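Side chains are part of it too, since the values below use all heavy atoms of this structure and drop only hydrogens, waters and symmetry mates. Being a predicted model, the structure only gives us computed values, none of them experimental. Letters A, B, ... are given to chains in the order of the sequence lines, protein chains preceding strands, and every chain is numbered from 1.
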Protein chains: 2
Amino acid sequence: MFPVLRCRLFGTLPGFLYPVYLDLVPVEKEHRFRYAYNKSQWQSAGKAERAQFGRLFPHPDNPIGGDQLAQNGQIISFDKVKLTNNAESTSSDQLQLNSMHKYRPRVHVFCIPKGHPLITKKGQQQLFNKEMRTVEGLKRIANGPFDYKTFLFEGTTFVAVTAYQNQLVTQKKIELNPFAKGFRDQKNEDLTDERLDSLQLSI
Amino acid sequence: MFPVLRCRLFGTLPGFLYPVYLDLVPVEKEHRFRYAYNKSQWQSAGKAERAQFGRLFPHPDNPIGGDQLAQNGQIISFDKVKLTNNAESTSSDQLQLNSMHKYRPRVHVFCIPKGHPLITKKGQQQLFNKEMRTVEGLKRIANGPFDYKTFLFEGTTFVAVTAYQNQLVTQKKIELNPFAKGFRDQKNEDLTDERLDSLQLSI
DNA sequence: GTGTTGACACCTAGGTGAAAAATT
DNA sequence: AATTTTTCACCTAGGTGTCAACAC
């Protein structure tokens, strides 16, 4: 998935482990969107489809060590997450969403001491992991005695699409994504950093 | 590295962790080898070069969980190890050896309870990892109070080469390695499973 | 002469947008 | 007509043997 969602987590300590999760919350739940070419912006286009089951993407390095975070400049990168509009998909590296709907990424971070039974006891680990597959489970866990925080990043809100609705988005991706190098030419090379009216991620 | 060294470890338990290491011990230390085409076999060809520093390849999944082993049919695969004849190379995913010398793979397995300080205390972990970079360190560790065993696999003994000395080896690799598919043709396709007089791994 | 290295074509494996085709 | 899926060429990234060139 490009662009990649990255964030930095400050205040971490070497003696602690940080299980980290990503999910995508539907915003403007009542709306389905369409792109108005004449206005160059997203507009509501009727009633939203039923929201998909709230799944969580566990960071592949979970639980991330405080020392590891320090080594990597505190950066947590979600370059491994994949998006799909297939509700039947069960792969744990995928997040499900509806095309033409608006979503906001959300990052959940736990802070667990290294000696905690959640780390050392297998049964508790498994129970925790099972709950953390869905937002519902997260809510139950969050009621427990865990150091825990959720971060919302407003600026990363996007509308999911199956085909790009805006040529500026296409050009930006061609310009910046190494895998799209084959589509680069002079026309796109000096694309100014103009403000895009919306972000889109192809699913 | 192809073919890949794989082994199965039986008698593991879910509550334990198994740090696993690979090294290559020089056999027939006093000999350097050459391949005699007329006899189709390896023969001694004078005095060996000074042995390289004894390095250990830590399995990428270390410490491997007993549950993980059970999931994978007890199989430990060393598909990530690389061989080099460059003594200056310091990468931890490489094992150093001399070309035209004979080596025997050796697998070292530790068995550590999940609650053991070696698992839970960072300082002890680091000390252990540092020692386990070399065979000398391994010997010191092996004198300590650790459940530990070394396995030698006679049948996997090989002579390191920079260029294949035996066309049967080349054909076998072309036949079986997916990355060598481009070299397959009818000539090689029905290569019988004849007994190869020696194994070779290109470095 | 023998052994080693580097450039190369050819693969695996998978991430891109373009464009055609299929679906709704 | 709008949206989604499929196929494709084109990349990144890296594992193969071949062969020419090099080193000893």
Look at the rings of A:His116 and A:Phe146 and say which category their plane angle falls in: under 30° parallel, 30 to 60° tilted, over 60° perpendicular. tilted
On DNA chain C, more 5' by nearest nucleotide between A:Asn177 and B:Arg32 is B:Arg32
Helical bend (five base pairs per end, nearest 10°) for the helix from C:dG1-D:dC24 to C:dT24-D:dA1: 0°
For the pair made of NZ in B:Lys82 and P in D:dG14, what is the distance, rounded to whole Å? 8 Å
Quick check for you: to the nearest 0.5 Å, what is the distance between B:Leu83 atom CG and B:Asp93 atom CG? 10.5 Å
With sequence neighbours left out, what residues match A:Gln74 under side-chain contact (heavy atoms from CB on, under 4.5 Å)? A:Arg8, A:Phe10, A:Thr12, A:Leu69, A:Ala70
Which of D:dT18, C:dG17, D:dT5 is nearest the side chain of B:Thr170? It is D:dT18
One pair to check against ring-ring contact (aromatic ring centres under 6.0 Å, His included): A:Phe33 and A:Tyr35. What are the steps and the verdict? CA-CA 7 Å; A:Phe33 289 83; A:Tyr35 192 79; over 10 Å; no
Any idea which of D:dG17, C:dG3, D:dT4 is nearest the A:Met100 side chain? D:dT4
In whole angstrom, what separates A:Gln165's CD from D:dT3's P? 6 Å
Could you run down the sub-3.5 Å N/O contacts of the protein with nucleotides 6-13 of chain C?
| from | atom 1 | to | atom 2 | distance (Å) |
| --- | --- | --- | --- | --- |
| C:dT12 | OP1 | B:Lys181 | NZ | 3.1 |

side-chain contact (heavy atoms from CB on, under 4.5 Å) for B:Leu22 and B:Arg106? Distances and angles first, verdict last. CA-CA 6 Å; B:Leu22 170 68; B:Arg106 193 164 61 166; 5.7 Å; no
Ion pair present between B:Arg140 and B:Glu131, side-chain N to carboxylate O less than 4.0 angstrom? yes
Among the candidates D:dG17, C:dG3, D:dG15, find the nucleotide nearest to the side-chain atoms of B:Ile174. D:dG17
Between C:dA18 (C1') and A:Arg184 (CZ): distance, integer Å: 16 Å
Under a 4.0 Å threshold between the charged nitrogen and the carboxylate oxygen, would A:Glu136 count as salt-bridged to A:Lys139? no
NE2 of A:His101 versus P of D:dT3: gap in Å, rounded? 12 Å
From CD of A:Glu49 over to C1' of D:dT4, roughly how many Å is that when rounded to an integer? 12 Å
From CZ of B:Arg34 across to P of C:dG3 the rounded distance in Å is 9 Å
Given C:dG3, C:dG17, D:dT5, identify the nucleotide with an atom nearest to the side chain of A:Asn85. D:dT5
Pairing of A:Glu154 and A:Arg104 as salt bridge, 4.0 angstrom limit: yes
B:Trp42 CH2 to C:dG3 C1': how many Å, rounded? 11 Å
Rounded interatomic separation in angstrom, taking CG from B:Leu83 and P from D:dG15: 12 Å
Less than 4.5 Å apart, side chain to side chain, heavy atoms only: is that true for A:Pro3 and A:Leu176? no
N or O in side chain of B:Lys173 less than 4.0 angstrom from D:dG17 OP1/OP2: yes
Any B:Thr162 side-chain nitrogen or oxygen under 4.0 Å from OP1 or OP2 of C:dT5: no
Measure the shortest side-chain to side-chain distance between B:Leu118 and B:Phe110 over non-hydrogen atoms and say whether it is less than 4.5 angstrom. no
